[in-house]
Amino acid sequence: MITVRTLRPTLLVSAGFLLVLALAAVAAPLLAPHPPDAVDIDHVLAGPSFHYPLGTDSSGRDVLSRLLYGARLSLFGALIAAVVAVVLGVVSGLVSGYLGGRVDSALTWLATFVMSLPTIIVVLAFVAAVGPGMVSTMLLLGVLVSPMMFRLIRSSVKQVRNEPYIDAARVAGLSETRILRRHVLAVVLPVVLVQTPIFFGASLLVQAAIDFLGLGEPNAASWGAMLNDASGHIYQAPWLSVWPGLAVTVTVLAVSFIGNSLRDTLDAPSAMASTSPGVRDRRRAARPVVTTAVDPRTAVLALSGLSVVHRTATGESSVLRDVSVAVRRGEVVGIIGESGSGKTQTVLAALRLLADSGRITQGTITFCGRDITGLSERDMNALRGRRIGYVSQDPMSNLDPTFRIGSQLCEPMRVHLGLSRRQARARALDLLQRVGIPRPYRVYRSFPHEISGGMAQRVLIAAAIACEPDLLIADEPTTALDASVQAEVLDVLRSLRQEKAMAVLLATHDLGVVADICDRVVVMKDGGVVEEGPSADFFARPRTPYAQALLAACKRDEPGPPALSTDGFPSLLKVRDLDVAYVRPGFGRPAFKVLREVSLDLWPGETLGLIGESGSGKTTLGRAVLGLVNPDAAADIRFAGQTLTRLSRADRRWAGRPIQAVFQDPLGSLNPAMTIESILVEPLLADGGTLDPATARRRVRELLDRVHLPADIGQRRARELSGGQRQRVSIARALVLGPKLIVCDEPVSALDATTQAQVIDLLKEIQRDTGVAYLLISHDLGVVRTLCHRVAVMAGGRIVETGDTETVIKAPSHRHTRQLLLSSLVPDPREQAARRTARLQAAEAVRTGPSR
Amino acid sequence: MLVYLARRVGVAFVVLIAVTFLTFVMLHLLADPVREIVGRSATPDQVAAKRAELGLNDPIVSRYGSWLADASRGNLGTSWFTGIPVTETIGSALPVTVSVALLATATSAALGVLAGMAAAFRRGWIDKALQTATGVAFSVPALWVALLLVIVFAIRLHWLPATGYTPFAQSPLGWARSLVLPVIALSLSPVAAIANQTRSDVATIMQQDFFRTLRSRGLPRRRLLFRHLLRNAAPKTLTIVGLQFIALFGGTLVVEEIFAMPGLGIVTGSSALRADVPVVLGVVLVSTLLVVAVNLFVDLAVGWLDPKERQH
Amino acid sequence: MNRSIRLAKVRRAIGASLASMGLIYATAACGAGSGSSAADRTVVLATPTDLTNWDPAVGGDDLATLFFQTVFSPLLTVNVDLTVSPGIASVYSYNGTQTSLTLTIPAGQRFSDETPLDADAVKRNLDRTMKTKGGSATSLANITSVTVKSPTEVVIDLKAPDPGLLFALGRAPGMMVSPRAFGNAKITPVGSGPYVLDQHASTRGSRYVFARNPAYPHPERYGFDKVELRPMRDFNAMIAATTSKQVDVGGVAADGVEPAKAAGLTVKAMPSNVIGMWLVDRGGELAKPLADVRVRQAINHALDADGFIKAISKGGGTRTTQMFAVASQSYDASLDSRYPYDPARARQLLAEAGYPHGFELKMPSENAFEPAYYPIVQKQLAAVGIKVTYIPVAANQIADRYLGGEFPAFMWTYSPSDNWLDATYLLSKNGIYNPFHTDDRKVTGLLARIQKAPRAQQQPLFQQLNRYVVEQAWFAPLNIDPVYITWKPDKVKGTIGDKQMFIDLRDFQPLAG
């Protein structure tokens with residue numbers, strides 16, 4: 001977890017100092033020139049001399065010797081308090097955070113109570129009653145500060161509990177204690193590592209204060225007692241306080257440096273993981289294509305030969321190489337490529353919003369004929385928001401959560417256009433209507449968390465176009481949205497282009513989006529442009545093999561497997577009258593029903609697709625089957641004839657072992673602290689596993705082979721793998737226990753198109769080989785079509801339509817299904833145009849008159 | 001909201017009763033105060049009479065009950081030693097401690113937030129320098145700093161009074177002067193704590209998507225810093241400031257000793273050691289009330305600052 | 001020695017010794033204030049502790065005396081040589097059997113609230129004090145009745161002669177409170193002293209401001225128009241306030257002498273405290289060897305008093321072997337050379353007593369006492385074979401555990417005052433500072449004779465008693481540890497005698513002109 005490479009010099013120096021100090025404390029009898037209590041009545045409060053290197057104290061005792069012996073007492077005392085606080089805090093925090101409920105309430109109350117105690121009175125009263133004693137006082141101190149540790153641990157445990165990999169561990173049939181030990185503790189450990197030094201340092205300081213107040217043992221050789229002695233003679237021997245003062249200060253400093261360094265070191269990997277796309281060093285440089293289609297002087301935006309490097313822990317890595325892209329007025333240019341190909345970096349470079357570590361090494365950025373490559377931040381700010389608008393991916397995280405939508409919308413207009421509050425507000429409401437928000441005032445008054453993702457994306461667009469910019473830069477503007485919302489947002493962009501002749505630079509990995517809206521396409525790979533040209537040409541005749549592969553991976557229009565004949569067979573999974581309600585916190589709030597009367601059957605070897613917009617209940621249904629949410633009492637879930645709904649926790653765990661899961665977030669569902677092999681071996685060895693470790697490990701190697709991963713991957717950790725590899729690991733884990741059913745919740749939606757295709761093939765292959773059944777949750781009709789025998793369409797917590805895949809897709813019977821189908825994009829401009837027309841007509845028909 | 005408030009107040013009430021009862025029992029276990037009250041040379045008869053007068057022969061629960069009944073009517077009794085009503089003792093000591101603690105909190109909040117934001121925003125050497133400075137500030141024992149401050153600024157330079165407290169009403173300037181050194185000594189550690197917290201919060205916020213989006217709108221730096229960053233960092237900052245205030249409030253004893261300020265710490269110390277039960281209970285009640293009130297205020301304020309919480 | 005319990009840090013040696021600053025009134029004569037009074041004549045005095053409450057009837061606490069003497073007048077006056085002279089009572093006389101004391105209260109005296117201070121007011125005060133539970137009542141325990149003979153005459157009848165009574169009437173028990181203010185005596189002081197408390201300008205615990213009492217008959221004795229007392233609980237705070245000249249009159253311990261002189265202050269030492277080891281288990285209940293007088297003498301020889309003076313008192317103390325006050329009639333300078341530092345002699349005495357290899361001794365240690373003594377005492381006793389183990393004791397438990405007979409010996413500071421009081425406390429069988437109730441026939445006999453003797457004939461008896469106790473080595477006193485009084489010579493004219501043990505407000509007068 002911590003490698004020598006990542007250790008910082010401060011950590012080494014601090015740890016070295018503490019080590020030396022500890023050794024000196026242990027070896028005090030050897031090192032100290034005098035015993036700690038040896039008095040020299042003729043040399044009281046003497047200055048430094050050969051005999052007494054640091055002088056003597058008020059009893060004529062050698063300061064250096066007492067300092068050395070003092071290290072023993074002080075460090076030991078602080079250690080007692082820190083250990084008590086940490087042990088109490090960790091145990092209670094773990095219990096409280098993991099179990100929740102009454103235990104949690106009781107312990108939290110107890111912590112509040114202890115924290116409300118007036119510490120000083122308690123210590124005074126304690127010393128008064130028990131008498132001065134370092135050990136007893138430090139024990140008490142540990143108890144008094146333990147609630148702080150409790151709170152930290154409790155909150156981090158609560159956080160871990162919601163991590164997908166805890167769900168994964170549950171699904172794998174691990175017992176609570178094992179999950180607590182293996183998974184939760186691993187996360188708590190860093191907190192403990194970071195906090196223990198802090199508690200230790202604080203205890204040292206408090207101990208000094210206690211001794212200073214005269215509440216400690218008289219004449220004890222501790223630093224606090226030395227400070228006490230020095231403070232009594234600060235006029236005669238002002239330097240006397242310097243030594244113990246410095247000893248305390250430097251020790252606490254060293255200890256807190258260790259805490260800080262540990263925190264930074266432990267944080268570092270996750271921070272790196274979050275910035276990994278585009279930061280990886282690429283050996284194979286893409287051959288740059290010469291683009292001549294656009295004259296930079298006439299373009300709104302032109303990047304010419306742009307190269308960007310990022311500073312990383314291991315040196316500089318190049319993320320953009322010689323990239324040239326240009327956008328003209330009224331033109332939509334799409335930048336496509338797999339994740340990590342440099343799309344986002346290109347977009348951010350154009351905005352001059354590269355991360356602090358990034359730097360343009362070559363090339364120019366021209367905006368409306370002006371070179372803005374080296375423009376000052378102030379001058380850039382005059383352009384950003386005013387003449388260049390930016391719409392980002394993931395709408396929810398791109399709105400400031402603490403300001404109302406209205407205020408965020410008005411802000412750029414008031415800054416750039418100097419509008420009055422009233423003018424800005426009128427215009428903001430106008431804009432909201434313009435981007436298709438039905439009740440603008442309500443949204444205007446809302447906070448970001450109060451609106452849906454689709455609304456938020458529209459708000460972002462509204463904010464980006466508020467000052468009527470010449471150029472709109474959009475980075476995956478629709479990726480996080482449901483199909484129908486996606487289509488509508490694209491409609492908004494299209495109309496903007498048409499009405500205001502706005503230039504749009506759009507980065508996306510979705511070729512459907514490109515087919516829908518882009519005039520020209522720039523294909524990127526490994527930080528360079530590999531192909532560039534009109535959109536129609538790209539779809540019709542991709543020139544480079546990379547572009548061809550990209551396109552091929554997206555085109556999944558081959559029909560899926562035909563429905564299986566199930567007559568007469570007992571179903572594998574039988575769900576009846578499943579209701580799930582979430583209880584909202586607080587008194588008297590009605591429970592919120594997520595699933596209503598859901599019934600379905602799934603046969604062995606079959607894949608059932610669950611489709612529907614977000615919030616329709618797909619995921620909750622999957623989680624109910626996995627036993628991760630509790631259904632209402634009337635529900636019945638039967639697996640292979642046996643009920644799952646009325647079992648004890650342990651029985652449910654055992655009965656659920658043949659049902660495994662693959663989750664959407666491949667990184668989150670793998671414990672970052674564990675190696676791949678230990679993640680995979682765990683379910684085999686834990687709780688009733690009969691295999692010996694060697695066999696288990698062999699099984700794991702076979703599994704890795706089966707999911708087409710190299711065997712050496714077992715020693716690595718999740719963050720060192722690519723997205724596709726992680727998902728393969730997840731699949732391998734689902735297979736470990738030889739399941740009959742795997743619930744796949746959006747198994748490929750976080751992956752690139754090419755990787756998606758590979759994982760889909762793998763899923764098919766496994767089904768063919770093992771006869772496992774899949775319950776596949778997806779919003780992507782293409783994926784569903786290639787994989788599923790049958791589909792169930794969900795809306796508002798109900799299943800509204802079920803049937804053979806081809807039947808449902810070709811002849812949808814429910815309005816929701818039709819809407820879903822029309823809204824989904826196809827990577828073919830001509831077909832997409834047709835679909836769009838059909839969708840708009842349908843919408844028009846709904847608006848003009850409810851004929852159907 | 002009302003339900004929430006009612007629940008919090010209810011919990012606070014239970015905490016108050018539990019804390020005061022625990023203190024009551026603890027004091028009971030201390031050395032007998034009666035001999036100290038009547039003097040060393042008192043006869044056993046006098047001791048017994050005093051004991052009866054103070055009600056020390058009654059069972060502890062009934063004594064606590066009658067104290068609680070009086071306290072709920074605002075009557076905290078009178079000191080066994082000084083005969084001064086406890087409310088008056090606390091009334092004269094509380095302003096001292098609150099002055100010091102509030103001023104130190106305000107100072108450290110202002111400095112800490114500014115320093116933390118500067119470190120996160122500017123990075124580079126400012127960040128490194130501040131990190132080191134806060135590290136040292138956290139590590140230096142406040143009592144040592146206080147001693148050094150007295151030596152340098154009061155005794156050597158004669159710039160500021162070494163000791164004592166001047167009430168605000170008596171002389172606002174004197175009040176301010178008497179607080180400078182104690183506040184400096186007390187502020188070091190909280191400044192460090194608040195600066196570190198703010199720094200990491202601001203750094204986290206700056207890494208979030210919305211911050212980049214805000215930058216993409218060409219907003220001036222000052223607006224980014226003092227509107228968006230500060231507003232987003234506010235809940236956590238407020239939480240730590242509240243914690244620091246509570247810690248300061250409890251920790252003024254050392255500086256009150258060094259600077260000879262007649263604050264609550266001194267009252268606490270002397271009354272706890274001689275088991276002056278009414279005074280200690282009064283102090284405990286008031287300080288617990290303060291802790292509970294500050295916590296409640298911080299929670300409410302944080303809830304209000306966080307729009308997601310505000311709805312509940 | 002009668003120390004109140006404060007936070008441990010506060011005390012050390014200085015806390016104990018400065019406690020005596022306000023203990024007794026000094027000579028009445030010492031300050032006839034200069035006539036010319038400037039518009040603002042304020043004197044600021046630092047005191048080592050805060051006042052507990054304003055009621056002298058409760059406050060057996062010596063520390064309160066400096067506070068009390070600003071507001072109240074006592075019936076009699078105690079001088080720096082520990083003699084007694086008239087106060088409110090202009091004449092006082094005992095009958096032949098020393099059991100009836102007659103006080104003459106001159107007419108025309110008034111409290112600051114205009115209430116007459118006559119014989120009736122005196123009786124009501126004494127009656128109230130005797131009924132009030134506290135240290136003052138204990139001092140008056142021998143009184144059977146107080147009778148008003150006339151508005152100017154009071155007679156106090158005693159059940160037995162009480163040589164300490166006159167002294168007590170010069171201290172808190174003799175402080176007269178206006179009968180109209182009895183009800184609120186703890187909080188609002190109304191007396192007949194030179195000053196009245198300005199409640200408005202005062203901050204409890206921090207500063208007490210006093211203005212002149214217009215009704216006081218001798219304003220010329222007090223030169224300052226305003227007096228301010230500032231309690232400074234912390235040792236360093238006191239030095240800091242003194243050397244930074246925040247206060248006009250202050251007190252420092254040995255450490256503060258040089259800084260105070262460097263700051264241009266006048267520094268005067270007062271021989272107020274006796275520091276030493278108390279060998280209280282003279283019957284050998286806990287430590288058998290202590291029962292042998294030779295062992296106790298050996299301990300006296302084993303401790304290097306001059307070394308302590310040099311090392312800890314910075315040369316400022318005086319070697320002593322006696323517990324009585326330097327200024328008192330019992331004190332005999334020749335006794336101070338009785339036990340020279342002589343480890344060889346100590347070992348010899350131990351061997352004679354049957355402990356050639358010494359013995360083990362458990363002693364308490366606590367932070368209020370100057371902690372620097374402990375390791376040195378330990379070392380010096382170890383040098384003659386006595387192995388000392390210290391047991392830490394919390395500040396609040398000192399009195400109970402030390403005086404409860406839990407330890408055979410301990411280190412402590414004593415502030416002696418009136419010989420009779422010291423003798424009854426330290427030496428009588430039931431004296432509160434005689435935890436093992438050592439009952440020596442010779443001591444008891446001498447005490448009985450002193451009690452009955454007229455005051456003039458007490459001195460030889462006290463000296464005999466003192467000599468006997470020193471010879472018996474009931475204690476191992478080390479040195480007289482001075483309290484250093486400092487004042488600003490450019491503002492204050494201070495008058496402190498060489499043997500003076502306690503300061504009086506009148507010791508400090510404004511500079512002439």
Side-chain angles (χ1 to χ4, degrees), chain A residues 109 112-113 115-122 124-126 128-129 201 205 208-209 212-213 227 231 234 238 241 245 248-250 252-253 256-257 260 351 353 356 377 380-386 388 390 392-394 397-403 411-412 415-416 447 449 460 463 585-587, chain B residues 3-4 11 15 18-19 22-23 26-27 29-31 123 131 135-136 138-144 147-148 151 189 208-210 212-221 223 228 231-232 234 250-251 253-254 257 265 268-269 272-273 275 280 283-284 287-288 291-292 305-308 310 312:
Chain A
W109 192 88
T112 313
F113 169 71
M115 282 177 99
S116 307
L117 284 175
T119 313
I120 193 79
I121 298 184
V122 175
L124 279 168
F126 182 80
L205 288 174
F212 178 80
L213 286 171
L227 267 178
S231 76
I234 201 146
S241 76
V248 173
T249 308
V250 174
V252 176
L253 197 62
S256 61
F257 271 155
N260 286 345
L351 279 162
L353 281 180
D356 288 344
E377 192 68 13
M380 264 322 285
N381 275 344
L383 292 179
R384 291 186 198 131
R386 173 75 190 83
I388 308 175
Y390 170 65
S392 56
Q393 193 175 355
D394 191 4
S397 69
N398 274 286
L399 287 165
D400 185 335
T402 55
F403 286 87
E411 196 171 23
V415 167
H416 291 298
F447 281 102
H449 71 273
L460 280 179
F587 290 118
Chain B
V3 175
Y4 172 77
V11 168
V15 166
V19 170
L22 196 76
T23 315
M26 222 158 50
L27 289 173
L29 300 174
L30 285 187
R123 294 294 169 94
Q131 289 263 72
V136 173
F138 170 77
S139 310
V140 183
L143 54 100
W144 189 38
L147 286 174
L148 299 180
I151 293 191
S189 165
Q208 282 176 12
D209 292 344
F210 76 81
R212 189 169 59 208
T213 298
L214 286 171
R215 283 181 68 200
S216 82
R217 290 182 191 149
L219 303 180
R221 170 186 287 188
R223 210 179 169 85
H228 293 280
R231 182 68 179 68
N232 274 280
L253 174 59
V254 173
E257 279 288 345
T268 307
L273 277 184
V280 177
V283 174
V284 168
S287 49
T288 312
V291 169
V292 169
L305 283 170
D306 184 351
K308 280 184 206 162
R310 206 188 293 185
H312 302 311

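All chains are named by letter (A, B, ...) in the order of the sequence lines, taking the proteins before the strands, and each is independently numbered beginning at 1.
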**Check: W109(A) and V15(B) side chains under 4.5 Å, non-hydrogen atoms** = yes
**Rounded distance (nearest 0.5 Å) linking atom CG of N381(A) with atom OG of S216(B)** = 10.0 Å
**Asked** Taking the six-membered ring for Trp, are the ring centroids of F403(A) and H228(B) within less than 6.0 Å of each other?
**Response** yes
**Complete:** Looking only at T288(B), V254(B), N232(B), most heavy-atom pairs under 4.5 Å shared with chain A are made by N232(B)
**Message:** With heavy-atom distances below 4.5 Å as the criterion, would you say the side chains of R384(A) and L353(A) are in contact?
**Reply:** yes
**Prompt:** What part of I388(A) lies closer than 4.5 angstrom to a heavy atom of chain B: side chain, backbone, both or neither?
**Reply:** backbone
**Prompt:** Non-hydrogen atoms of chain B under 4.5 Å away: do they reach the side chain of S256(A), the backbone, both or neither?
**Reply:** side chain
**Prompt:** Heavy-atom distance under 4.5 Å between the side chains of T249(A) and P141(B), does that happen here?
**Reply:** yes
**Request:** Could you check which of V284(B), V283(B), V291(B), L22(B) has the highest count of heavy-atom pairs closer than 4.5 Å to chain A?
**Result:** V284(B)
**Message:** Between L460(A), D400(A), L351(A), who has the most heavy-atom pairs with chain B when the cutoff is under 4.5 Å?
**Reply:** D400(A)
**Asked** Given a strict heavy-atom distance threshold of 4.5 Å, which part of L219(B) is in contact with chain A: side chain, backbone, both, or neither?
**Response** both
**Gap separating the CD atom of Q393(A) from the CG atom of N398(A), nearest 0.5 angstrom** = 8.5 Å
**Request:** Against chain A, work out which of R217(B), Q208(B), R212(B) has the most heavy-atom pairs shorter than 4.5 Å and name it.
**Result:** R217(B)
**Prompt:** Does V136(B) reach the side chain of L253(A), with side-chain heavy atoms less than 4.5 Å apart?
**Reply:** yes
**Toward chain B, the part of S241(A) with a non-hydrogen atom under 4.5 Å** = both
**Complete:** Counting heavy-atom pairs under 4.5 angstrom with chain A, the leader among L214(B), T23(B), T268(B) is T268(B)
